[in-house]
Amino acid sequence: MTDRKNRLDLIPGTLCDERMWSRVAPLLGGFDLNHVPLHKARTREQMRELIAAHSAPKTNLVGFSLGAYLAVEYAVAHPERIGTLVLIANSCKGLLPTEAQARKRIVAMLEKNAYSGMTRQRLRELLHPAHMADESITGVIQQMAVDLGKEVLLAQFTTTIDRVDYMDRLQELPFPVLIVGADGDQLVPAADLRDMASRLPAARLEMIAQDTGHMIPLEAPEPLADLLNAFYR
């Protein structure tokens, strides 16, 4: 039986599955990695149910992007079920207005057209310029997008564009929290992450300095693994 202290329950982001963690997983020593299959949900309620069903009764919950927002939502609703919380590349204020508008445009386009994968424009919004030509990163993102497809993207975009601002609830979360961001992330303001850290009773904020955009687990696996290993030690 796995020691619960060594189990990490991982929630991926939009149009992602366990492959989102494929570059960081081999660098995490001695942990049992359990993946929440977020792509199986079609509604917000189903997302919450999947997190509950695929997490330990007292979970070390690790969320990336949309997964981090949902992890905060789960933690606010069930603080007694959280041992530790790691939030990667996400503001619990919700989406920037520019990002919400971009998603609404994508939804309108998807409803009328076939979906053949991530556009170069969208990749530019997600990635640091240094990684745009790195097939080991773009290939994983594109393959997840194609495999999960239009139905998953539409469900995740339409049900999660409107997000509650949880900033005023963070003070209720007494357990250790690690917040990981990047200055090169075009989607998540660093000021939001500093605000989150200031409101949480037991938080550490770590900003990754090396070249990375929003897709931190794929773009910066070594520094992220170092932060996670140190946090759980």
Side-chain angles (χ1 to χ4, degrees), residues 8-16 20-25 27-28 38 60-76 82 84-100 102-103 122-132 134 137 140-141 160 163-171 173 175-233:
L8 306 183
D9 297 317
L10 308 176
I11 315 174
T14 304
L15 210 57
C16 298
M20 189 67 223
W21 310 98
S22 59
R23 302 189 82 201
V24 74
L27 308 174
L28 297 175
L38 197 63
N60 299 309
L61 203 55
V62 182
F64 164 69
S65 193
L66 170 61
Y69 179 84
L70 294 171
V72 170
E73 188 171 76
Y74 184 76
V76 166
I82 308 293
T84 61
L85 188 61
V86 176
L87 308 172
I88 304 165
N90 183 76
S91 165
C92 63
K93 281 184 178 176
L95 299 173
L96 285 172
T98 51
E99 174 62 12
R103 289 177 177 228
R122 187 60 178 163
L123 279 174
R124 277 192 287 272
E125 293 164 359
L126 294 173
L127 296 176
H128 189 280
H131 298 139
M132 283 297 293
D134 187 339
I137 296 170
V140 174
I141 296 169
T160 66
R163 302 187 188 186
V164 173
D165 183 335
Y166 283 110
M167 283 292 189
D168 291 338
R169 302 290 304 274
L170 297 181
Q171 63 194 13
L173 308 182
F175 38 75
V177 181
L178 173 64
I179 301 168
V180 181
D183 290 321
D185 187 345
Q186 299 176 61
L187 305 187
V188 181
D192 285 9
L193 303 184
R194 288 192 291 272
D195 194 1
M196 287 163 60
S198 73
R199 292 167 188 249
L200 285 155
R204 278 176 55 191
L205 170 61
E206 299 283 357
M207 297 297 289
I208 293 176
Q210 83 169 54
D211 292 349
T212 182
H214 184 66
M215 308 296 275
I216 293 172
L218 289 172
E219 294 185 82
E222 291 88 357
L224 177 58
D226 289 345
L227 292 173
L228 291 173
N229 285 323
F231 178 66
Y232 291 112
R233 268 202 304 275

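Start at 1 with the first residue, then count along the sequence.
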Show every donor-acceptor pair shorter than 3.5 Å between a side-chain atom in residues 216-225 and any protein atom, with sequence neighbours excluded, or say none if there are none.
{"from": "Glu219", "atom 1": "OE1", "to": "His128", "atom 2": "N", "distance (Å)": "2.9"}
{"from": "Glu219", "atom 1": "OE1", "to": "His131", "atom 2": "ND1", "distance (Å)": "2.7"}
{"from": "Glu219", "atom 1": "OE1", "to": "Gly213", "atom 2": "N", "distance (Å)": "3.0"}
{"from": "Glu219", "atom 1": "OE2", "to": "Gly213", "atom 2": "N", "distance (Å)": "3.0"}
{"from": "Glu219", "atom 1": "OE2", "to": "Met215", "atom 2": "N", "distance (Å)": "3.0"}

Q: Output the distance between atom CG (Leu178) and atom CG (Leu200), rounded to the nearest 0.5 Å.
A: 11.0 Å
Q: Could you tell me whether the side chain of Arg199 reaches within less than 4.5 Å of the side chain of Asp168, counting heavy atoms only?
A: yes
Q) Just wondering, do Leu70 and Leu38 contact through their side chains at under 4.5 Å, heavy atoms? A) yes
Q | Interatomic spacing from CG in Leu10 to CG in Asn60 - rounded to 0.5 Å | A | 10.0 Å
**Q.** Nearest non-hydrogen partners of Gly13 and Ser65, listed with the distance
**A.** CA-CB, 4.2 Å
Q) Any side-chain heavy atom of Ile82 sitting closer than 4.5 Å to one from Leu173? A) no
Per-pair distances, 0.1 Å, donor-acceptor, side chain in residues 89-96, under 3.5 Å, sequence neighbours excluded:
{"from": "Ser91", "atom 1": "OG", "to": "Lys93", "atom 2": "N", "distance (Å)": "3.1"}
{"from": "Ser91", "atom 1": "OG", "to": "Asp192", "atom 2": "OD2", "distance (Å)": "2.8"}
{"from": "Lys93", "atom 1": "NZ", "to": "Asp192", "atom 2": "OD1", "distance (Å)": "3.4"}

Q) Say you draw a straight line from CD1 of Ile179 to CG of Leu85; how long is it, rounded to the nearest 0.5 Å? A) 8.5 Å
Q.
Given Met132, which partner from the list Ile137, Leu126, Leu127 fulfils the side chain to side chain contact (heavy atoms under 4.5 Å, CB included) test?
A. Leu127
Q) Which residues satisfy the side chain to side chain donor-acceptor pair (under 3.5 Å) test with Glu73, sequence neighbours excluded? A) Arg44, Arg48, Tyr166
Q | Closest non-hydrogen atom pair, Ile88 against Val86 | A | CG1-CG1, 3.9 Å
Q. Within 45° of the six-membered ring axis of Tyr69 and under 6.0 Å from that ring's centre, is NZ or CZ of Arg163 located there?
A. yes
Q | Gap between atom CZ of Arg103 and atom OG1 of Thr98 - 0.5 Å precision | A | 10.5 Å
Q) Shortest non-hydrogen contact from Thr212 to Ala182? A) CG2-CB, 3.4 Å
**Q.** Interatomic distance, Thr84 atom OG1 to Tyr232 atom OH [nearest 0.5 angstrom]
**A.** 4.0 Å
Q.
I want to check something: taking the side chain as every heavy atom from C-beta on, are Leu28 and Trp21 in contact at a cut-off of under 4.5 Å?
A. no
Q) Does the pair Val140 and Arg23 meet the rule for a side-chain contact (heavy atoms from CB on, under 4.5 Å), with working shown? A) CA-CA 10 Å; Val140 174; Arg23 302 189 82 201; 5.8 Å; no
Q) What's the shortest heavy-atom distance between Ala197 and Leu205, and which atoms? A) CB-CB, 3.9 Å
Q: Calculate, to the nearest 0.5 Å, the distance between atoms CZ and CZ belonging to Phe231 and Arg204 respectively.
A: 7.0 Å
Q) Does the side chain of Leu170 reach to within under 4.5 Å of the side chain of Val72, using non-hydrogen atoms? A) yes
Q) What is the minimum heavy-atom distance between Pro12 and Cys16, and which atoms define it? A) CG-O, 3.6 Å
